[in-house]
A.B. asks: 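Following this message is one structure expressed as C-alpha cells.
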Number of protein chains: 2
Amino acid sequence: MKPTFEDIKQQLKAKNISLSYQRLKILEYLIENRCHPTVEMIFAGLHDEIPTLSKTTIYNTLRILEEAGLVKEITTEDKEARYDIATETHGHFKCESCGTIFDFSVDIDSIIPGDLSRFVIKDKNIYFKGLCPRCL
Amino acid sequence: MKPTFEDIKQQLKAKNISLSYQRLKILEYLIENRCHPTVEMIFAGLHDEIPTLSKTTIYNTLRILEEAGLVKEITTEDKEARYDIATETHGHFKCESCGTIFDFSVDIDSIIPGDLSRFVIKDKNIYFKGLCPRCL
DNA sequence: TAATAAGATTGTAATCATTACATGTTTGTA
DNA sequence: TACAAACATGTAATGATTACAATCTTATTA
Ligand SMILES: [Mn+2]
Ligand SMILES: [Mn+2]
Ligand SMILES: [Zn+2]
Ligand SMILES: [Zn+2]
C-alpha cells in the first residue's frame, strides 16, 4: 500500500524532521509525480507555485529525505540523479528509446548468492535497460 | 573462462577496430587490474609507461570498447564511472567502508518477472551496497 | 619513395550536475 | 518583543565528462 501524504508527514514528525513548506511541497510533488523525476523536473514543476524555491533547497531536502529512508536515489548511466518515493524494493527498467523508467516487482532476496554470505547487505538495486512495449 | 589478451586482440580485429598502442595498453591495464578502475586510475597507472597518454584517449577507447561489447561501464552513486572487462553478467557489491567493488555471481534470468514479458531487455544490472567481511 | 587520406591521439576549453559557503529568512520559545 | 536554532536562498567552486581543433600515425596509391 502506497503511503499517503499524511502518512509521510507522520513519519517525518516521528523522525524529528521539520515540516517546512518547501519540504512538504517537494514531498507532495514526488507523491504526485511517480515518474522518478530529476531535480530539474522538481524545480520546474514547483516553480509556478514557489518561484523562490532554489535548487539547493531541493538537493538538501532530497538528501534529508533519503537519510530518513523516505526517498531513494536512482542511479542510471545518465549523469542526472532521479528520485523515487521509497516503497518496497523494486526493480527499474529504463527504455533506451523514450527514456521512461518503469517499475517492476522482483523477488531479489530469493537470488542472493552464497558468495555474499559474509557480507552485510544494506541496499539492493536492480536496473535493466532495453525497449518498452510502446517503443517496439 | 576469462579471455586472454590474445583472445581480445582477435575480437578487436574481427570487429575492425584498430589495435593502436594506446588501446592495447588500456586493455592490458583492464585485464591486469580487475578492480573496476576509474578513468583516473587508468590514467595514473599508465602514466609512467606512456607519459603522453591523454584522458581523452582513455575516454574514447573505453567508449569504443564498450560499443564493441568488450567493456562494461559500472554506474554507482559516485560520479566517477568505473570499468569492467565484460565477461558473463554478474552482480557488483560495493563496500561502503573501504569502497571496494566485489563481483558476485547471480542467476538474474531466473527472476525476470512477468511484468517485463513485453519488454526487450538489453542490459541487466545488479548492484548491492553494504559492508564487506574485512570491514565488519 | 613521396603524396595523400583516413584514422588516432593530444591538449585545451566548454558543459553541466552537484556541492560549499555565506547570507538572509522563518520558526518556536520565553 | 528578543533570541537562537533551523531553513532557505543565491552565488561561486568543483569535478567528471565531452567538444573541438590541431597534430601525429598508418596504410594506400601513384
Ligand atoms: Mn521506482
Ligand atoms: Mn565486475
Ligand atoms: Zn519506450
Ligand atoms: Zn570493506
Side-chain angles (χ1 to χ4, degrees), chain A residues 9 12-29 36-68 70-84 94 99 101, chain B residues 9 12-29 36-68 70-84 94 99 101:
Chain A
K9 271 167 80 171
L12 286 174
K13 270 189 192 158
K15 301 200 184 203
N16 262 32
I17 295 172
S18 314
L19 307 177
S20 77
Y21 177 65
Q22 287 86 343
R23 290 180 183 174
L24 289 175
K25 278 296 176 187
I26 290 168
L27 253 180
E28 192 178 55
Y29 183 89
H36 313 95
T38 63
V39 166
E40 187 62 39
M41 288 162 75
I42 299 170
F43 181 73
L46 292 176
H47 189 261
D48 283 352
E49 205 170 351
I50 322 173
T52 61
L53 180 65
S54 84
K55 282 192 186 169
T56 303
T57 296
I58 300 175
Y59 280 108
N60 288 340
T61 300
L62 289 170
R63 182 170 36 72
I64 286 168
L65 294 177
E66 187 173 17
E67 283 166 8
L70 292 174
V71 158
K72 194 156 190 298
E73 184 178 324
I74 299 172
T75 317
T76 72
E77 68 288 347
D78 303 326
K79 346 213 135 170
E80 243 177 323
R82 309 189 63 150
Y83 295 88
D84 200 357
K94 174 157 164 236
I101 295 183
Chain B
K9 272 166 80 171
L12 286 174
K13 269 188 191 158
K15 300 198 185 204
N16 262 31
I17 295 172
S18 314
L19 307 177
S20 75
Y21 178 65
Q22 288 86 342
R23 289 180 184 174
L24 289 175
K25 279 296 176 187
I26 291 168
L27 253 180
E28 193 179 54
Y29 183 90
H36 313 93
T38 63
V39 166
E40 186 62 40
M41 289 162 72
I42 300 170
F43 182 72
L46 292 176
H47 189 261
D48 283 351
E49 205 171 351
I50 322 174
T52 60
L53 180 65
S54 84
K55 281 193 188 169
T56 304
T57 296
I58 300 175
Y59 279 108
N60 287 341
T61 300
L62 289 170
R63 183 171 36 73
I64 286 168
L65 294 177
E66 187 173 17
E67 283 167 8
L70 293 174
V71 159
K72 194 158 191 295
E73 185 178 325
I74 299 172
T75 317
T76 73
E77 68 287 348
D78 304 326
K79 344 212 135 171
E80 244 177 322
R82 309 189 64 151
Y83 295 88
D84 200 356
K94 174 158 165 234
I101 295 183

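Chain naming here is simple, since letters A, B, ... match the order of the sequence lines and numbering starts at 1 in each.
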A.B. asks: To the nearest angstrom, how far is A/Leu46 atom CG from D/dA8 atom P?
C.D. replies: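 In whole Å, D/dA8 P lies 13 Å from A/Leu46 CG.
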
A.B. asks: Only one of A/Lys55, A/Arg82, A/Lys79 passes salt bridge (charged side-chain N to carboxylate O under 4.0 Å, His left out) with A/Glu40; say which it is.
C.D. replies: A/Lys55

A.B. asks: Counting C-beta onward and ignoring hydrogens, is there a side-chain heavy-atom pair between A/Thr52 and A/Ile50 closer than 4.5 Å?
C.D. replies: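 Yes, at least one pair of side-chain atoms sits under 4.5 Å.
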
A.B. asks: To the nearest Å, give me how far apart CG (A/Leu65) and P (D/dC7) are.
C.D. replies: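 Atom-to-atom, A/Leu65 to D/dC7, this comes out as 12 Å.
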
A.B. asks: Is there a side-chain contact between A/Tyr83 and A/Glu73 (heavy atoms, below 4.5 Å)?
C.D. replies: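 The answer is yes, as the side chains (C-beta and beyond) meet within the 4.5 Å cut-off.
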
A.B. asks: So, does A/Thr52 get its side chain near the phosphate of D/dT9, meaning an N or O under 4.0 Å from OP1 or OP2?
C.D. replies: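 For A/Thr52, the contact criterion (side-chain N or O under 4.0 Å from OP1 or OP2 of D/dT9) is met.
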
A.B. asks: Scan residues 15-23 of chain A against DNA chain D and write down, sorted by residue number, each residue with any heavy atom closer than 4.0 Å; if none is found, say none.
C.D. replies: A/Ser18, A/Ser20, A/Gln22, A/Arg23

A.B. asks: Under the criterion side chain to side chain contact (heavy atoms under 4.5 Å, CB included), I'd like the reasoning laid out for A/Leu53 against A/Gln22: C-alpha separation, chi angles, the key distance, then a yes or no.
C.D. replies: CA-CA 7 Å; A/Leu53 180 65; A/Gln22 287 86 343; 3.8 Å; yes

A.B. asks: Just the rounded figure in Å: distance from P of C/dT12 to CG of B/Asn60.
C.D. replies: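 From B/Asn60 CG to C/dT12 P: 16 Å.
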
A.B. asks: Quickly work out the B/Phe43 CZ to D/dT17 C1' distance and round it to whole Å.
C.D. replies: 14 Å

A.B. asks: Is it true that A/Glu66 and A/Arg63 have a side-chain N and a carboxylate O under 4.0 angstrom from each other?
C.D. replies: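 Salt bridge flag = no for A/Arg63 with A/Glu66.
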
A.B. asks: If I take atom CZ in residue A/Arg63 and atom P in nucleotide C/dA20, what distance separates them, rounded to the nearest angstrom?
C.D. replies: 8 Å

A.B. asks: Hey, are the side chains of A/Lys15 and A/Leu70 touching, using non-hydrogen atoms and a 4.5 Å cut-off?
C.D. replies: no

A.B. asks: Scan nucleotides 14-19 of chain C nucleotide by nucleotide, 5' to 3', and note B when protein non-hydrogen atoms come under 4.0 Å of the base, S if they reach only the sugar-phosphate, - if neither.
C.D. replies: ---SBB

A.B. asks: Side chain to side chain contact (heavy atoms under 4.5 Å, CB included) between A/Val39 and A/Glu80: does it pass, once the steps are laid out?
C.D. replies: CA-CA 8 Å; A/Val39 166; A/Glu80 243 177 323; over 6 Å; no

A.B. asks: Output the rounded distance in Å from CG (A/Leu24) to C1' (D/dA8).
C.D. replies: 14 Å

A.B. asks: Can you tell me the distance, in whole Å, between the CD1 atom of B/Ile58 and the P atom of C/dG11?
C.D. replies: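 For the pair B/Ile58 CD1 and C/dG11 P, the rounded distance is 11 Å.
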
A.B. asks: Would you call A/Asp78 and B/Thr75 a side-chain contact if the rule is heavy atoms closer than 4.5 Å?
C.D. replies: no

A.B. asks: Could you tell me how far apart B/Ile50 (CD1) and C/dA8 (P) are, to the nearest whole angstrom?
C.D. replies: 16 Å

A.B. asks: For B/Thr38, which contact category applies under a 4.0 Å heavy-atom criterion: base, sugar-phosphate, or nothing?
C.D. replies: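 Counting heavy atoms under 4.0 Å across all strands, no contact is made by B/Thr38.
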
A.B. asks: A/Thr76 and A/Ile101: side chain to side chain contact (heavy atoms under 4.5 Å, CB included), yes or no, with the steps?
C.D. replies: CA-CA 10 Å; A/Thr76 72; A/Ile101 295 183; 4.2 Å; yes

A.B. asks: Relative to the 5' end of DNA chain D, which residue comes earlier, A/Ile64 or A/Pro51, by the nucleotide with the nearest heavy atom?
C.D. replies: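 Checking each residue's closest nucleotide, the 5'-ward one belongs to A/Ile64.
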
